[in-house]
Amino acid sequence: MSDFVKLDKLTLAYGDVVAVPDLSFSIGKGELVALLGPSGCGKTTTMRAIAGLMAPKSGSIHIDGRDVTNLAPSKREVGLVFQSYALFPHLSVYENVAFGLKMRKASNIRERVEEAIASVGLSDFTNRLTPDLSGGQQQRVSLARSLVVEPKVLLLDEPLSNLDARLRLEMQLVLKDIQRRTGVTMIFVTHDQSEALALADRIVLMKDGVIVQEGSAEEMYNAPRTRFAADFFGFENIFPGDDGQDRAWRPGAITLGDGPFEGQIRGMSFGGDYRTYVIDTERGQIKGAVRADLPSYKEGDKVRFDLPMAQAVALDAG
Amino acid sequence: MNTSRTASWVIIGLTLLFLIGPFVVIVLAALTNGNNLAFPPEGLSLRWFIKVFTIESFRDSFVISMVLAVFGTLAALVIGVPAAYAIVRYKVPGAGAVQLIVSSPLIVPGIIVGLALLRYLVIPTGFTIFATLFLAHTALILPYAVRVVTSSMQNLRTDVEEAALILGCSRLGSFFRVVFPNIRGGILAAFILGFVTSFNQVPVSLFLSGPGVRTLPIDMLAYMETTYDPSVAALACLLAVMSVGIVFAAEKFLGFSKYV
């Protein structure tokens, strides 16, 4: 059950350049997992390997107990929603969605395609050519096209990054709804921690092809274990303590106006509910966020501050 | 303001005259009722247009030119489309060099190509003239095929093919189901360009023509050396109308000018 998708000691390389060395992780059936990391961390490469668009140098990939490592993409029963959507520009919405079923010589094609198009709310656009649709609509066509063949795993490349804020929320709900309705296992790739937090049951944080940390959204957000993870999830102030252990604070955890330390305001950015100050201190720059209804500081002001231990997250070395 | 407008009309007028003038002269000369190629024509008649169809060597060389143009272009596309695909899709080592070599028939003067083929292919190996002509025309059209198809292929993203693979296509299947339909216009544009280029080709064919095997333009040259009557002008008119017709149809149905 928890090994529905299983990567074992997977090594992926472009020529001699190893992008992902020795990666292992498992995903449970019906789970929605985010592969999160900065660009170049190997997340997209990993996703392409699962889809079969890239052959691994070594290691294996199992889906639903079957070794798919050397299978062609078409034989893996995966779907992939590309970041660019990759719709067939010469075909209508209907023909795009029907493509996979036709290749499989499936039955009830018309019925299934129309149902899939309806499920993403595009029934009125069935006969349109896809380049005439908006980005959000194209993405939904791409989603319908991948889901109509009932893949075991649905892969999504940066599913929210091309959408504006309103469409993002809408697409989040659509994806959650698909997960609930179809129970399909979903893996999506993103560089945006907020996307991962909003959508994923579990987050796999990657750096340089290696998993840094994995866990639920809350675990990752509240208890990053390394400098990299802490920085990625918004703990922007990281300092070594006197005991030699690194500790990290979010800007909001810093107390301004009182405390044992002193610094000078370097700059301020207004964020609506909060003002975020950049403060020069003896130990380097820190960032502190203060509620906007509290008194504000000017550039150059001296300010006392505290790094409350209760709000700190202790990090592993490295 | 007014003078600059007048000047621009004058320039446009002169340009059109320069481009279309010769054609008009040929058409009028062909419509003559006289026996000599002359301008202005002496009276009007269609008799030279009718005469063209009775000249046997024109009929033979027309067929040869047609066969060369159609099959030479098809051969160039059979080689050129995969070449264009490889150049666009893969980081082929020396892709730049390939493109340069493929374009070389455009750069090397045709007359030299013709002479070289005669001296080093036909004479030593006994390769037939027709086969050599076919080879030369194919090579000549190849640059157009590669270039035009490359540019229409560049607009198609790679991930579209990958999507087809994931949805159940083989590599070859994804080419025919996804790539081909999207570059069809480019292929047709290349075909028309190649056809017209081959059909109007003189320099390469000049050395490779002999008794029995002549392309139409060479045959027209030869005809004019012995007979200075207006039938050549009439034939030129018919060919021009054919070319314009093809290009016009292509533009109307396929938006040909997008690709060239």
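Residue numbering restarts at 1 for every chain, and letters A, B, ... go by the order of the sequence lines. All figures in this text were calculated on a predicted structure; none of them were measured in a lab.
Within a 6.0 Å radius of OH in Y14(A), other residues, nucleotides and ligands contribute more than 12 heavy atoms. Around CZ of R147(B), the count of heavy atoms belonging to other residues, nucleotides or ligands within 6.0 Å does not exceed 12. By the 6.0 Å contact criterion, NZ on K176(A) is enclosed, its count of non-hydrogen atoms from other residues, nucleotides or ligands being greater than 12. Heavy-atom neighbours of Y120(B) OH from other residues, nucleotides or ligands within 6.0 Å: at or below the threshold of 12. The number of heavy atoms from other shown groups lying within 6.0 Å of CZ (F23(B)) is above 12.
Atom CD of residue E162(B) and atom CE of residue M54(A) lie 11.5 Å apart, to the nearest 0.5 angstrom. Distance check, rounded to the nearest 0.5 Å: CD1 of I166(B) to NZ of K75(A) gives 13.5 Å. The line from CE of M103(A) to OG of S170(B) is 6.5 Å long, rounded to the nearest 0.5 Å. Within the model, atoms NE2 of H90(A) and CG of N182(B) stand 5.0 Å from one another, a figure rounded to the nearest 0.5 Å.
Taking chain B as the reference chain and counting heavy-atom pairs below 4.5 Å, the highest number among A51(A), S84(A), A72(A) is found for S84(A). Chain B forms the most heavy-atom pairs under 4.5 Å with one residue out of R48(A), E77(A), K102(A), Q83(A), and that residue is R48(A). Ranked by heavy-atom pairs under 4.5 Å with chain A, the first of L165(B), L156(B), D159(B), T158(B) is D159(B).
No side-chain heavy atom of P181(B) sits under 4.5 Å from any side-chain heavy atom of F88(A). F99(A) has its side chain within reach of V178(B): a pair of non-hydrogen atoms, C-beta onward, lies under 4.5 Å apart.
Looking at R76(A), neither its backbone nor its side chain comes within 4.5 Å of chain B, counting heavy atoms on both sides. Only the side chain of L53(A) comes within less than 4.5 Å of a heavy atom in chain B; its backbone stays farther off. In this structure, chain A has heavy atoms under 4.5 Å from both the backbone and the side chain of R177(B).
Nearest heavy-atom pair across A86(A) and A163(B) is O-CB, 3.8 Å. S74(A) approaches G168(B) most closely through the heavy-atom pair CB-CA, 3.3 Å.
With R157(B) contributing its side chain and L87(A) its backbone, the two residues share no donor-acceptor pair below 3.5 Å.
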